[in-house]
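Working notes, beginning with the structure itself.
To find a chain, count down the sequence lines: A is the first, B the second, and so on, and within it residues start at 1.
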Amino acid sequence: MNAHLSPEEIVRREALVKIREKGIDPFPAAEFVINDNAVNAKSNYEEGKSVTLAGRIMNQRVMGKAIFADLQDSVGKIQLYLNADEICPGEDKSFYNDVIKHLLHYGDFIGITGVLFTTKMGEISVRVQHLTLLAKSIKPLPVVKKDAEGNVYDAFTDPENRYRMRYVDLVVNDKVKDTFFKRTQIINAMREFFNTSGYLEVDTPVLQNIPGGAAARPFITHHNALDIPMYLRIANELYLKRLIVGGFEGVYEFSRNFRNEGMDRTHNPEFTVMEIYVAYKDYHWMMDYTEKMLAHVCQKALGSTTVQLGDKTLHFQPPFKRISMTQSILENTGFDITGKSEHELFEFCKSIGLEVNDTMGKGKLIDEIFGAKCEKTYIQPTFITDYPVEMSPLCKRHRDNPSLTERFELMVNGKEIANAYSELNDPIDQLSRFEEQMKLMERGDDEAMFIDHDFIRALEYGMPPTSGMGIGVDRLVMLLTNNETIQEVLLFPQMRPEKPIQGPDLNAFKAIGVPEEWLEILPKAGYVDIAHLKDAKPTAIHQQLNGYRKKHKLEIAAIQLDDVLGWLQKVN
RNA sequence: GAUCUCGUAGCUCAGCCGGUAGAGCAAUACACUUUUAAUGUAUGGGUCCUGGGUUCGAGUCCCAGCGGGAUCACCA
């Protein structure tokens, strides 16, 4: 049964047995009470202080009757000094010699009690008096080593393995845990900011009848009892506005959204957006509020409003630059979109080499121009304001210009981070905007919005003037943790599923009369299951198996052709 | 979805013009009571991603597939 295990795994499983034979439980149930951690023990160092710590053994340097090892706990590492006489004060040194030296492995969880001291090399360490095995690790972790200059050797770097086995990544790669600590600090800082303002955190449906609030392809599922299609939410916007209709002053939600679109280093099928809606406010207020909120988040999570991102330094100190979309396009292309017809925009797009087609309305064409020529130029936080009405079906028309909307997006490092409106609260205008979207859908735009009649009904009861803002949490975390891929800031990013390891069906072979000693050889010779046998010629099977036997010099009786014929008879 | 590129030991990687599968770390054994990429000696460990093809002979060349990465397109 150990055929599929690596030699190291077999050693560890054997160690498990030997540990049990010595009367030690390798997976004890009892609580292990610690009174300190690796980082605190070092920063509040007191010579001779007794500490009890728990964590993984990460590196052992065996020196005969003494061992140096690193203990890695939830916050960091501390060196252990394991001395035979210290741990086994009496005559019997077998716990040290047999268990610690030979049955403990890299990655095992242990608990220790000992006293703090400093080695002659100046390293704060624990002189261990008691050691308890807390959990055996029977699969070897990748061994990552670091030298005195901080150079890392044999790092566990393969992105596929790191993301698939994040639990391993977190153990062996120091910086990974820090990113996720920061992620939570960022989210906590936002929550704290909104709560201090007196706004209410709410939960709205993830499973929706109509996937509204954004333009994107949804994931579709089915509700059996109601026998209707249901959608995973692409946004929560329309539900939060219903709550403003219901009378809340301000509501916000950290919303896990799902979009059935491409995956790359800035897109994951599920991602997190924070959306907030506040009654009686407009988008000017929301710009001020967003600036303050981001400054607060940077200060809380990073201790500064200055953020290093690669070779760029970003400044989140308010006020941020503000520029209208029309002005931005004019500055970056020399083209004034004011009053231009769809045809004129279409021709301009073609003239600057953009790929356009006739499913694109005015809004989408302008968006193309902005995306291609303007977006990337805004590295420092910049509010882009006053988008064309065609691009923003949920946004109130601009108070001074009905062809524009009261909308802003916040650009940082050439990417959209936040999006906000003075929310459209005129139910009649909202319905006609939805109908425009339906026309786009009929033209072939599969990301146009559905009409949500219940949402219209809510607006008909009356929604106060409201400003709403959504912020891409994952992308914000990327910015603030200096990561270039979304996979680095999601604990478990979406991956193509691993192919199940096809366990050869040995029982089926047994059932047709394959002898015990040949059971495991069949799959190795290429016959993974009965179907493979069935499709092959008996003579080929016969030769293949005996060929394998010869090649590997197996000390078992050769298979006769009659045996193979016998198996095949039972198959049919 | 398109293009480029990669897939060899538990980890990081070599492997030339096609000719017996390699190193370091990890593992095992021995030595070593202040090491920290510990050290020294010895040993074991491989479906060279999968399937075809060319060839006397394929890790290597060709084709297809699977998986990863990068770039681009769409999207936040």
Please produce a list of atom pairs where a protein N or O lies less than 3.5 Å from an N or O of nucleotides 24-29 of chain B.
{"residue": "B:G24", "atom": "N2", "partner": "A:Asp154", "partner atom": "OD1", "Å": "3.1"}
{"residue": "B:G24", "atom": "N2", "partner": "A:Asp154", "partner atom": "OD2", "Å": "3.1"}
{"residue": "B:C25", "atom": "O3'", "partner": "A:Lys145", "partner atom": "NZ", "Å": "3.4"}
{"residue": "B:A26", "atom": "OP1", "partner": "A:Lys145", "partner atom": "NZ", "Å": "3.0"}
{"residue": "B:A26", "atom": "O2'", "partner": "A:Glu8", "partner atom": "OE1", "Å": "3.3"}
{"residue": "B:A26", "atom": "N3", "partner": "A:Glu8", "partner atom": "OE2", "Å": "2.9"}
{"residue": "B:U28", "atom": "OP1", "partner": "A:His105", "partner atom": "NE2", "Å": "2.8"}

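Residue A:Arg162 is classed as having no contact, given no heavy-atom separation below 4.0 Å to the nucleic acid. Among the atoms of the strands shown, base atoms are found under 4.0 Å from some heavy atom of A:Val62. Using a 4.0 Å heavy-atom distance criterion, A:Asp158 is classed as a sugar-phosphate-only contact. Residue contacts shown for A:Asp367 are absent, as no nucleic acid heavy atom lies under 4.0 Å away. Counting any heavy atom pair closer than 4.0 Å across all strands shown, A:Glu123 reaches a base atom. Nucleic acid contact class of A:Ala148 (heavy atoms, under 4.0 Å, all strands): sugar-phosphate only. A:Lys146 comes within 4.0 angstrom of sugar-phosphate atoms only, judged by non-hydrogen atoms across all strands, and of no base. Base contact: A:Phe117 has a heavy atom under 4.0 Å from a base atom. The residue A:Ala155 sits close only to the backbone: its heavy atoms come under 4.0 Å of sugar-phosphate atoms, none of a base.
In B:C17 the base sits syn relative to the sugar, since the glycosidic angle is no further than 90° from 0.
The ring of A:Phe68 does not lie on top of the base of B:A38; it is either too far (5.5 Å or more) or too tilted (30° or more).
Residues passing the salt bridge (Lys or Arg N to Asp or Glu O under 4.0 Å) test with A:Asp264, sequence neighbours excluded: none. Taking the side-chain hydrogen bond (donor to acceptor under 3.5 Å, both in side chains) definition, one finds that A:Tyr231 meets it with nothing, sequence neighbours left out. Applying the side-chain contact (heavy atoms from CB on, under 4.5 Å) criterion to A:Phe95, with sequence neighbours excluded, gives A:Ile24, A:Ile87, A:Cys88, A:Val99, A:Ile100, A:Leu131. The side-chain contact (heavy atoms from CB on, under 4.5 Å) search around A:Asn161 returns A:Phe156, A:Asp158, A:Met165, not counting sequence neighbours. Residues satisfying the side-chain hydrogen bond (donor to acceptor under 3.5 Å, both in side chains) criterion with A:Arg20, sequence neighbours excluded, are absent altogether. A search for side-chain hydrogen bond (donor to acceptor under 3.5 Å, both in side chains) contacts involving A:Glu375 returns nothing, not counting sequence neighbours. Every residue meeting the side-chain contact (heavy atoms from CB on, under 4.5 Å) condition with A:Met63, not counting sequence neighbours, appears here in chain and number order: A:Phe68. Under the rule for a side-chain contact (heavy atoms from CB on, under 4.5 Å), the partners of A:Thr485 that lie at least two apart in sequence or sit in another chain are A:Tyr163, A:Arg265, A:Gln487, A:Glu488.
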ask   = For every nucleotide of nucleotides 1-8 of chain B, 5' to 3': is a protein heavy atom under 4.0 Å from its base (B), only from its sugar-phosphate (S), or from neither (-)?
value = --------
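Following rounding to the nearest Å, A:Glu9 (CD) and B:G46 (P) show an atom-to-atom distance of 13 Å. Rounded to whole Å, the distance from CG on A:Asn173 to P on B:U12 is 10 Å.
The same atom, P, is picked in B:G51 and in B:C66; the two are 15 Å apart, to the nearest Å. A distance of about 26 Å separates the P atoms of B:A27 and B:C48, rounded to the whole Å. Comparing B:G19 with B:A58, their C1' atoms sit 10 Å apart, to the nearest whole Å. The same atom, P, is picked in B:G22 and in B:U28; the two are 24 Å apart, to the nearest Å.
If you check distances only, the side chain of A:Asn161 never reaches the base of B:C11 with a donor-acceptor pair under 3.5 Å. Remark: the A:Tyr81 side chain and the B:U33 base include a donor-acceptor N/O pair separated by less than 3.5 Å.
Note on A:Arg61: a side-chain N or O is less than 4.0 Å away from OP1 or OP2 of B:A38. For A:Arg265, a side-chain nitrogen or oxygen approaches OP1 or OP2 of B:U71 to under 4.0 Å.
A heavy atom closer than 4.0 Å to some atom of RNA chain B occurs in no member of residues 378-387 of chain A.
Each of B:U35, B:G10, B:A76 was ranked by its minimum atom distance to the side chain of A:Ser6; first place goes to B:G10. Proximity note for A:Glu416 (side chain, C-beta onward) versus B:U33, B:A76, B:A73: the nearest is B:A76.
Figure legend. B:G40 is base-paired to B:C30; pairs are counted as Watson-Crick or G-U wobble with both atom distances under 3.5 Å. The partner of B:C4 is B:G69, judged by Watson-Crick or G-U wobble contacts that both fall below 3.5 Å.
Heavy-atom neighbours of A:Gln380 CD from other residues, nucleotides or ligands within 6.0 Å: above the threshold of 12.
Side-chain N or O atoms of A:Ser125 include one that pairs as donor or acceptor with a backbone N or O of A:Glu123 at under 3.5 Å.
Residue pairs meeting the salt bridge (Lys or Arg N to Asp or Glu O under 4.0 Å) criterion with at least one partner in residues 60-71 of chain A, sequence neighbours excluded, are A:Arg61-A:Asp70.
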request  = Let me see the working for A:Ser467 and A:Tyr289 under side chain to side chain donor-acceptor pair (under 3.5 Å), right down to the final yes or no.
outcome  = CA-CA 11 Å; A:Ser467 184; A:Tyr289 191 68; over 6 Å; no
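Put simply, the residue from A:Ile57, A:Ile67, A:Ile19 that forms a side chain to side chain contact (heavy atoms under 4.5 Å, CB included) with A:Leu104 is A:Ile57.
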